[in-house]
Colleague: 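Following this message is one structure expressed as structure tokens.
Along the sequence shown, residues carry numbers from 1.
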Amino acid sequence: MAAAAISIICNFPLHSHTSIFFNISFPPSVCSRKSCFFRFSRICVVSSHTNPKILKPKRRSRYGQPLSPYDSDSDEDDDDSFEDEEDDDISTSDDESLDVRVSAQDRQHLKFQNATNIRRDSHHHSEGGSNAKLGHRRQTPEITQGKSSNKNDESSQEQKKKIMEVPKRKYWEARGSLAKDRFSHLAEELDLDERWYPLLDYLSTFGFKDSHFIQMYERHMPSLQINKSSAQERLEFLLSVGVKHKDIRKIILRQPQLLEYTVENNLKSHVTFLTSLGIPDSRIGQIITATPSLFSYSVENSLKPTVTYLLEEVGIEKNDLAKVVQLSPQILVQRINTSWTSRFNFLTRELNAPRDSIVKMVRKHPQLLHYSIEDGLLPRINFFRSIGMRNSEIVKVLTSITQVFSLSLEGNLKPKYSYLVNELGNEVRSLTKYPMYLSLSLDQRIRPRHMFLVSLKRAPKGPFPLSSLVPTDESFCQQWARTSETQLRHTVSAVEVKHAFFKNTYVLYLAANG
């Protein structure tokens, strides 16, 4: 009687060729158990609509396939095939229902894999008929709780691992197809092999463009023939030691051979060498970024002899070695004996500089060994001479602030000297007492502080004290201005705006008057 009542309510006849469980509650008088299980052939969709065309016309199966709102023989066949496959995956019994729970992530993996296999089945079905379909059934891994299937736990773990690998494999397959389309025109221009496409596609994740690949091809074509997995291993190692993702492209473009260097035989040994010099791990990535050519030099035959020369011939203290390398990593890959000898002889001959002073210059600013003598060192020495400084005074300034060799003559040194004499009322001899003046910013430190004290009428008479330019803003406000830092910052901003206005006006004037 209960079955008949249910048939009337659901409005469809009962059949026995399929099995779907419904949990229906009855009063105790009807059934001794609180719930009973019945078998039905179909699921009734309760809706106020009578037209089947508008009953969720875009509804899809749990496997992602579109479902027709109409009943047909083909639909029944498909439903049967799905149900049979479900029976293979999750076993049930008449007496007990399994509590099957699938995580959201696993459900997405199952949906992606099943949809792919269904399309493959459809292809075989169209070629070989119904027999072909029966021969290509989906292999859906079991993920159940409660009763387990006949497969052991180890097999289930392997199947689950395969599920996790499917999206990644499909992702790279899709990228490979796109890469073939993307690099086809580049292949015609450079005569690329299709086997190189995976590497090009991988490098694209670091921001490589077609122009970069052309540059690599012209500079070192074999670097594009590296297996993608090998290149990935090497670049991931560089990332692990501190190289930033955004710097990978710059490194490879400067040193494309880096893709050919193995991790075990090259990269690790060079990183270990840098660590042995006392360089902290946090700075390893910066040194590699600054000097990627480091890996092309032998540790035993080149790098270690260079360090020995710095310690024994130049006179760098071992405690200062790590600092010197961090300031100028290029010092490890240059011909140190030639660069040191030529600059030492020049400074000795030109300024009569003592050896200790020259060693101090190298320790404070090792880039000195890279600067050109004719275009870098000599013009700045001649500038100091032109403003009336003697050789001994020049040596004192250079030993204290060696980085003046890196400052522009027209854009830095000359404007500061002009402001020193014409606005601050100082003589050139004051630079030997306060050489730090040359390292300060004219627009952000020197001019604003001078004008701030003048506006407050607290600037001393006579030459402006250069010592007021050296302290921090807090110390300057307490000792010299006796006011708040906020007022100083407002003055600095106003001075910068005013100076920028007059500077731009002057540039426009020069442009208009030729």
Colleague: Taking 4.0 angstrom as the limit, do Arg449 and Asp473 come out as a salt bridge?
Modeller: yes
Colleague: Please find the pair of heavy atoms, one from Ile401 and one from Pro435, that lie closest to each other, and give the distance.
Modeller: CG1-O, 3.6 Å
Colleague: Side-chain contact, heavy-atom cut-off 4.5 Å: Val421 with Asn426?
Modeller: no
Colleague: When you check the side-chain N and O atoms of Asn227 and Ser229, is any donor under 3.5 Å from an acceptor?
Modeller: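 Asn227 vs Ser229: donor-acceptor pair found between side chains.
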Colleague: So Phe464 and Leu453, do their side chains get closer than 4.5 Å, heavy atoms only?
Modeller: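 Side chain of Leu453 against side chain of Phe464, heavy atoms only: contact under 4.5 Å found.
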Colleague: Taking side chain as C-beta onward, heavy atoms only, is Tyr217 less than 4.5 Å from Pro222?
Modeller: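 Not touching, per the 4.5 Å side-chain cut-off.
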Colleague: Who passes side-chain hydrogen bond (donor to acceptor under 3.5 Å, both in side chains) against Gln257, sequence neighbours left out?
Modeller: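 Per chain and number, Gln257 pairs via side-chain hydrogen bond (donor to acceptor under 3.5 Å, both in side chains) with no residue.
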Colleague: Can you see whether Glu260 engages His220 through a side-chain donor-acceptor pair at a distance of less than 3.5 angstrom?
Modeller: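 Yes - a donor-acceptor pair under 3.5 Å links their side chains.
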Colleague: Would you call the rings of Phe295 and Tyr261 parallel, tilted or perpendicular, taking 30° and 60° as the class edges?
Modeller: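 If you compare the ring of Phe295 with that of Tyr261, the planes turn out tilted.
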Colleague: Could you tell me whether a side-chain N or O of Ser328 sits under 3.5 Å from a main-chain N or O of Val325, the two making a donor and an acceptor?
Modeller: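 The answer is no, because no donor-acceptor pair under 3.5 Å joins these two groups.
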Colleague: Just jot down the side-chain hydrogen bond (donor to acceptor under 3.5 Å, both in side chains) partners of Asn319, sequence neighbours excluded, or say none.
Modeller: none
Colleague: Are Glu393 and Arg385 within salt-bridge range, i.e. N to O under 4.0 Å?
Modeller: no
Colleague: Taking all non-hydrogen atoms of both residues, which atom of His245 and which atom of Thr205 are closest, and how far apart?
Modeller: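 Taking every non-hydrogen atom into account, CE1-O, 3.3 Å.
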Colleague: Check Ser439 against Lys416 and note the closest heavy-atom contact, atom names and distance.
Modeller: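 In terms of heavy atoms, the two residues are closest at C-NZ, 3.9 Å.
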Colleague: For His270 together with Tyr297, are the ring centres under 6.0 Å from each other?
Modeller: no
Colleague: Counting only heavy atoms not in Glu317 (residues, nucleotides, ligands), do more than 12 fall under 6.0 Å from its CD?
Modeller: no
Colleague: With a 3.5 Å distance limit and no angle check, can you tell me whether Ser204 reaches the backbone of Leu200 through a side-chain donor-acceptor pair?
Modeller: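 Such a contact is found between Ser204 side chain and Leu200 backbone.
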Colleague: Check whether any side-chain heavy atom of Met361 lies under 4.5 Å from a side-chain heavy atom of Leu347, and answer yes or no.
Modeller: yes
Colleague: Once you measure the plane-to-plane angle for Phe452 and Phe476, does it fall in the parallel (<30°), tilted (30-60°) or perpendicular (>60°) bin?
Modeller: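 Rings of Phe452 and Phe476: tilted, as their planes differ by 30° to 60°.
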Colleague: Could you check if a side-chain atom of Leu235 sits within less than 4.5 angstrom of a side-chain atom of Leu259, using non-hydrogen atoms only?
Modeller: yes
Colleague: Which pair of non-hydrogen atoms, one from Leu368 and one from Leu377, has the smallest distance, and what is that distance?
Modeller: CD1-CD2, 3.5 Å
Colleague: Could you give all pairs that pass the ring pair (Phe, Tyr, Trp, His ring centres under 6.0 Å) test and reach residues 345-379, with sequence neighbours left out?
Modeller: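 Pairs touching residues 345-379 that pass the test: His365-Tyr371.
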Colleague: Would you kindly say whether Thr472 and Ser475 are connected by a side-chain donor-acceptor distance under 3.5 Å?
Modeller: yes
Colleague: I'd like to check Ile284 versus Val243 (side-chain heavy atoms, cut-off strictly below 4.5 Å). Are they in contact?
Modeller: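 No, side chains not in contact.
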Colleague: Do Ser400 and Lys360 have side chains that get closer than 4.5 Å, going by heavy atoms?
Modeller: no
Colleague: Which heavy-atom pair separates Leu199 from Ile226 by the least distance, and what is that distance?
Modeller: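 Of all heavy-atom pairs spanning Leu199 and Ile226, the closest is CD2-O, 3.5 Å.
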Colleague: To check you understand the geometry: which heavy-atom pair defines the closest contact between Asp375 and Arg380, and what is its length?
Modeller: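 Taking every non-hydrogen atom into account, O-NH1, 3.7 Å.
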Colleague: What distance do Thr399 atom OG1 and Ile394 atom CD1 have between them, rounded to the nearest 0.5 Å?
Modeller: 11.5 Å
Colleague: Run Ser418 and Asn422 through side chain to side chain donor-acceptor pair (under 3.5 Å) and show every step you take.
Modeller: CA-CA 6 Å; Ser418 177; Asn422 299 325; 3.1 Å; yes
Colleague: Is Gln367 reaching over with its side chain to a backbone N or O of Leu327, donor-acceptor style, under 3.5 angstrom?
Modeller: yes
Colleague: Do Asn412 and Ser408 meet the criterion of a side-chain donor-acceptor pair at a distance under 3.5 Å?
Modeller: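 Note: Asn412 and Ser408 side chains miss the donor-acceptor criterion.
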Colleague: Does the side chain of Tyr197 reach to within under 4.5 Å of the side chain of Glu194, using non-hydrogen atoms?
Modeller: yes
Colleague: Evaluate the side-chain contact (heavy atoms from CB on, under 4.5 Å) criterion for residues Trp340 and Asn337: first the C-alpha distance (whole Å), next the side-chain angles of each, then the deciding distance (0.1 Å), finally the verdict.
Modeller: CA-CA 5 Å; Trp340 161 253; Asn337 57 335; over 6 Å; no
